[in-house]
Amino acid sequence: MRAMIVDDEAPALGELIYLLSRYGAVEIAGAFTASASALEAVQSIRPDVFFLDLSMPRMNGAELAQKILAQIPTARIVFVTAFAKELEGVKGIPAFGSLLKPVNSAKLDELMERLRA
């Protein structure tokens, strides 16, 4: 499974890369701190799942998800946020799941199991 991670905070990006690298079936196909750079790479990388931070400057995770889904309608989107309240604003976007920061290993295990199924 190819994954793309987008988070404007380098420490949070690094943590998610580390956590996902523990799963043998996951290839980190791209990791970006800027939404625009990630969007430019979507077609060449063609990830199966996208882990998108919701709070990012210029283009937030919800806006990025909409643009990704316009290019790859079957993309599985996972929103990652430090603020549960932000998830209310993405109700209209078909997301596979969500994770709260700091990412809980048990919740990530559950999400990864669903992704593999």
Side-chain angles (χ1 to χ4, degrees):
M1 167 184 346
R2 296 170 54 78
M4 178 185 279
I5 307 167
V6 186
D7 195 315
D8 64 314
E9 296 176 9
L13 182 70
E15 178 185 6
L16 198 49
I17 290 170
Y18 168 75
L19 291 171
L20 289 172
S21 68
R22 299 177 318 150
Y23 301 93
V26 175
E27 172 193 349
I28 307 298
F32 300 86
T33 55
S35 297
S37 299
L39 188 60
E40 288 176 15
V42 165
Q43 286 300 324
S44 61
I45 294 176
R46 303 282 305 176
D48 302 303
V49 62
F50 296 80
F51 291 84
L52 307 178
D53 180 25
L54 278 173
S55 289
M56 294 188 288
R58 295 187 187 91
M59 183 187 330
N60 67 36
E63 295 165 328
L64 179 57
Q66 290 173 322
K67 292 176 187 277
I68 289 168
L69 289 167
Q71 291 183 37
I72 307 172
T74 58
R76 291 176 284 182
I77 305 291
V78 176
F79 289 119
V80 185
T81 182
F83 308 103
K85 190 151 183 77
E86 284 185 329
L87 293 170
E88 295 172 10
V90 296
K91 295 273 190 234
I93 301 171
F96 184 83
S98 62
L99 295 167
L100 288 176
K101 295 178 187 177
V103 175
N104 176 298
S105 291
K107 295 282 186 191
L108 183 57
D109 286 345
E110 179 184 308
L111 179 86
M112 295 307 292
E113 190 61 39
R114 286 182 36 230
L115 279 168
R116 281 190 286 253

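Note that this is a predicted model, so its numbers are computed, not measured.
Annotation for I17 and A31: closest pair CD1-CB, 3.6 Å, computed over non-hydrogen atoms. Listed here is the closest heavy atom pair of L111 and G97: CD1-CA, 4.1 Å. When all heavy atoms of A65 and I93 are compared, the pair lying nearest together is CB-CG2, 4.1 Å. E15 approaches P102 most closely through the heavy-atom pair OE2-CB, 4.4 Å.
Side-chain atoms of L108 and M112, non-hydrogen and from C-beta on, do get closer than 4.5 Å to each other.
Within the structure, salt bridge (Lys or Arg N to Asp or Glu O under 4.0 Å) pairs that include any residue of residues 73-97 comprise K85-E88 (at least two apart or interchain). Sorted by first and then second residue, the salt bridge (Lys or Arg N to Asp or Glu O under 4.0 Å) pairs with a member in residues 55-74 form an empty list; sequence neighbours excluded. Every pair passing side-chain hydrogen bond (donor to acceptor under 3.5 Å, both in side chains) that includes a residue from residues 92-101 is listed here, sequence neighbours excluded: D7-K101, D53-K101. Listed by first and then second residue, the side-chain hydrogen bond (donor to acceptor under 3.5 Å, both in side chains) pairs that reach into residues 28-43 are Q43-R46, Q43-Q71, sequence neighbours excluded.
Listed by chain and number, the residues in a side chain to side chain contact (heavy atoms under 4.5 Å, CB included) with S105 are L19, R22 (sequence neighbours excluded). E27 meets the side chain to side chain donor-acceptor pair (under 3.5 Å) test with R2; sequence neighbours excluded. With sequence neighbours excluded, the residues satisfying side chain to side chain donor-acceptor pair (under 3.5 Å) with D109 are Y23. Residues passing the side chain to side chain contact (heavy atoms under 4.5 Å, CB included) test with A3, sequence neighbours excluded: V26, V49, F51. By the side chain to side chain contact (heavy atoms under 4.5 Å, CB included) test, A41 is found to be paired with M4, F32, S44, I45, residues two or more places apart in sequence or in another chain being considered.
A distance of 11.5 Å separates CZ of F96 from CD1 of I77, quoted to the nearest 0.5 Å. In this structure, CG on L100 lies 6.0 Å from CG on L87, to the nearest 0.5 angstrom.
Hydrophobic clustering, with ILVMFWY side chains joined whenever heavy atoms are under 4.5 angstrom apart, keeps L99 apart from L52. Linking Ile, Leu, Val, Met, Phe, Trp and Tyr residues whenever their side-chain heavy atoms come within less than 4.5 Å places I5 and V103 in a single cluster. Connection of L115 to V80 is established within a shared hydrophobic cluster, with ILVMFWY side chains joined at heavy-atom distances below 4.5 Å, either directly or through further cluster members. The cluster map of Ile, Leu, Val, Met, Phe, Trp and Tyr, joined by side-chain heavy atoms under 4.5 Å apart, puts F50 and L16 in different clusters. Residues L54 and L69 are members of one and the same hydrophobic cluster, defined by side-chain heavy-atom contacts under 4.5 angstrom among Ile, Leu, Val, Met, Phe, Trp and Tyr.
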Open item on the list: Checking R116 against E113 for the salt bridge (Lys or Arg N to Asp or Glu O under 4.0 Å) test, could you report, in this order, the C-alpha distance in whole Å, the side-chain angles of both residues, the deciding distance, and whether it holds?
Closed with: CA-CA 5 Å; R116 281 190 286 253; E113 190 61 39; 3.3 Å; yes
